[in-house]
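Remarks on the structure that follows.
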Amino acid sequence: MPRTDTTPAAGTTGRTPAAGTDGTTDAATGRATGAATGRATDAATAASGGSGAPAPNRPSRPRRAGAALWTLPPVAALGLVFLYPLALVVWQSFTPEDGGHSTAPYATVLAEASFRTALTNTVLIAVGATVGALLLGLVLSLVIAFVPFPGGRALSRFIDLFLAFPSFLITLALLFLYGTVGMANGLWTDLTGAAHGPLDFLHTPWGVLLAEVTYFTPFVMRPLLAAFSQLETGQLEAAASLGARPWRIVRTVILPEALPALAAGGALVLVLCLNEFGIVLFTGAKDVVTLPMLVYTKALLDGDYTGACVVAVVNIALSVALYALYRTVMARTGGGAGPRSGGVPHRAGA
């Protein structure tokens, strides 16, 4: 029988194709396709100037328009209740009694001796009350924060409540204590048999000063206690272990931390004292005329509404300037941090 020739044809190796050849080809094709897709994506990202992060969702125009419509009612209410009366006061200050509009009312009022006296009294009382509140508030805050005694936390909580008291309430309390017929004078007359007591100063600038210092001291203590609560007691313990006396610890460790809060509290008290009306009115100090009292006198007693508006505009200008100072101090000091435990400093690492 003829023999079948099984010799491979020329040019072949005589081996069958290796298993997995088709898989290798598919993998290479996938890598090439992925690389091309990645290059295309990178090029698109570079062309758009983005970083590859998904674009934030931006509110649509209808949504922004709806938000603007929601803000219109409160803005309109604010303008109607506050801005419109304020604009009327400013407008009236430029309106003389004979009609027209000019700066003549300002020249007339600023030339009056009563205005200069009221401005001087306002500034002196405000500065004096601010200094007194700063000194008294600093001492009381140091005692509450660093001297342990029963009721310290309750006293710190009471300061927050004291801030809600009206100013005339403090004035009435002082009248009951130190007034002409107050408890102190009554006790003196009972013991000595005298016809009058020795205390009769509440109707003077000193009485107004005492009432404002008493009322506004907690406004200084609140930011001071907040600052003291952030002070690490480890610094105090380290200073004491090195032999520093208490006054030196206060001067070198505590005061540098408290100065921003002290400045913020002083700026706030200065603004409030500048506009205080109830304390001066309820003390009955007739010889003490401040700018708010001058507005009251000109408008209600003298019937000079234009002059009252001029004094009010001057008072507003001073208040806005001092309030801008207060906001600047608060922004630089980061005011508003509350105490952690009623004004008591926390320990290091706590």
Side-chain angles (χ1 to χ4, degrees), residues 112-140 143 155 158-159 161-221 265-266 268-304 307-308 311-312 315 318-319:
E112 294 176 355
S114 59
F115 172 80
R116 294 194 296 268
T117 301
L119 180 60
T120 302
N121 289 338
T122 302
V123 173
L124 291 180
I125 292 176
V127 172
T130 301
V131 172
L134 287 175
L135 294 177
L136 184 59
L138 177 61
V139 173
L140 293 179
V143 172
L155 182 58
F158 176 75
I159 293 173
L161 179 63
F162 190 89
L163 298 178
F165 290 171
S167 60
F168 70 86
L169 183 63
I170 304 303
T171 307
L172 290 178
L174 292 177
L175 287 174
F176 281 124
L177 290 176
Y178 308 115
T180 305
V181 293
M183 295 177 58
N185 284 332
L187 181 61
W188 176 266
T189 56
D190 291 340
L191 293 177
T192 63
H196 304 284
L199 300 178
D200 188 18
F201 65 92
L202 285 181
H203 306 295
T204 67
W206 295 106
V208 176
L209 193 63
L210 175 63
E212 291 194 359
V213 169
T214 303
Y215 180 71
F216 290 114
T217 293
F219 289 84
V220 176
M221 296 177 63
L268 176 61
V269 170
L270 189 60
V271 173
L272 295 176
C273 289
L274 188 69
N275 299 281
E276 182 55 40
F277 174 74
I279 289 179
V280 182
L281 181 65
F282 275 84
T283 54
K286 298 180 180 179
D287 295 333
V288 180
V289 179
T290 59
L291 289 180
M293 284 296 299
L294 186 60
V295 173
Y296 173 81
T297 302
K298 282 183 172 294
L300 299 183
L301 301 182
D302 300 339
D304 184 9
V311 179
N315 200 3
L318 291 176
S319 302

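Scope of the values below: all heavy atoms of this structure, side chains included, with no hydrogens, waters or symmetry mates.
The minimum heavy-atom distance linking Ile279 with Ala211 is given by the pair CG2-CB, 3.5 Å. The nearest pair of heavy atoms linking His203 to Thr283 is ND1-O, 2.7 Å. Of all non-hydrogen atoms in Phe115 and Val311, the two that sit nearest each other are CD1-CG2, 4.2 Å. Closest of all the heavy-atom pairs between Leu209 and Gly128 is CD1-C, 3.6 Å. In terms of heavy-atom proximity, Leu274 sits nearest to Leu318 at CD2-CB, 3.6 Å. Here the shortest heavy-atom pairing between Leu174 and Leu202 reads O-CD1, 3.3 Å.
No more than 12 heavy atoms of other residues, nucleotides or ligands sit less than 6.0 Å from atom CZ of Phe176. By the 6.0 Å contact criterion, OH on Tyr178 is open, its count of non-hydrogen atoms from other residues, nucleotides or ligands being 12 or less. Within 6.0 Å of the CG atom in Asp287, the count of heavy atoms belonging to other residues, nucleotides or ligands does not exceed 12.
Side-chain contact between Phe201 and Leu210: present, with at least one pair of heavy atoms (C-beta onward) separated by less than 4.5 Å. Using a 4.5 Å heavy-atom threshold, the side chains of Ile170 and Phe162 count as touching. Contact annotation: the side chain of Thr297 never approaches that of Val289 to less than 4.5 Å [non-hydrogen atoms, C-beta and beyond].
Checking side-chain atoms of Tyr215 against main-chain N and O of Thr171 turns up no donor-acceptor pair under 3.5 Å. For Asn185 (side chain) and Gly179 (main-chain N/O), a donor-acceptor pair under 3.5 Å exists by modelled atom type. Glu276 places a side-chain N or O within donor-acceptor distance of the main-chain N or O of Gly278, the cut-off being under 3.5 Å. Within the 3.5 Å criterion, the main-chain N or O of Leu291 finds a donor-acceptor partner in the side chain of Thr122.
With rounding to the nearest 0.5 angstrom, the CZ atom of Phe219 is 14.0 Å from the CG atom of Leu270. The CD atom of Glu112 sits 13.0 Å away from atom CG of Leu119, with the distance rounded to the nearest 0.5 Å. Separation of atoms CZ (Phe277) and OG (Ser167) is listed at 10.0 Å; rounding is to 0.5 Å. Interatomic distance, Leu135 CG to Leu140 CG, rounded to the nearest 0.5 Å: 11.0 Å.
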Verdict with reasoning, Leu187 to Met183, per side-chain contact (heavy atoms from CB on, under 4.5 Å): CA-CA 6 Å; Leu187 181 61; Met183 295 177 58; over 6 Å; no
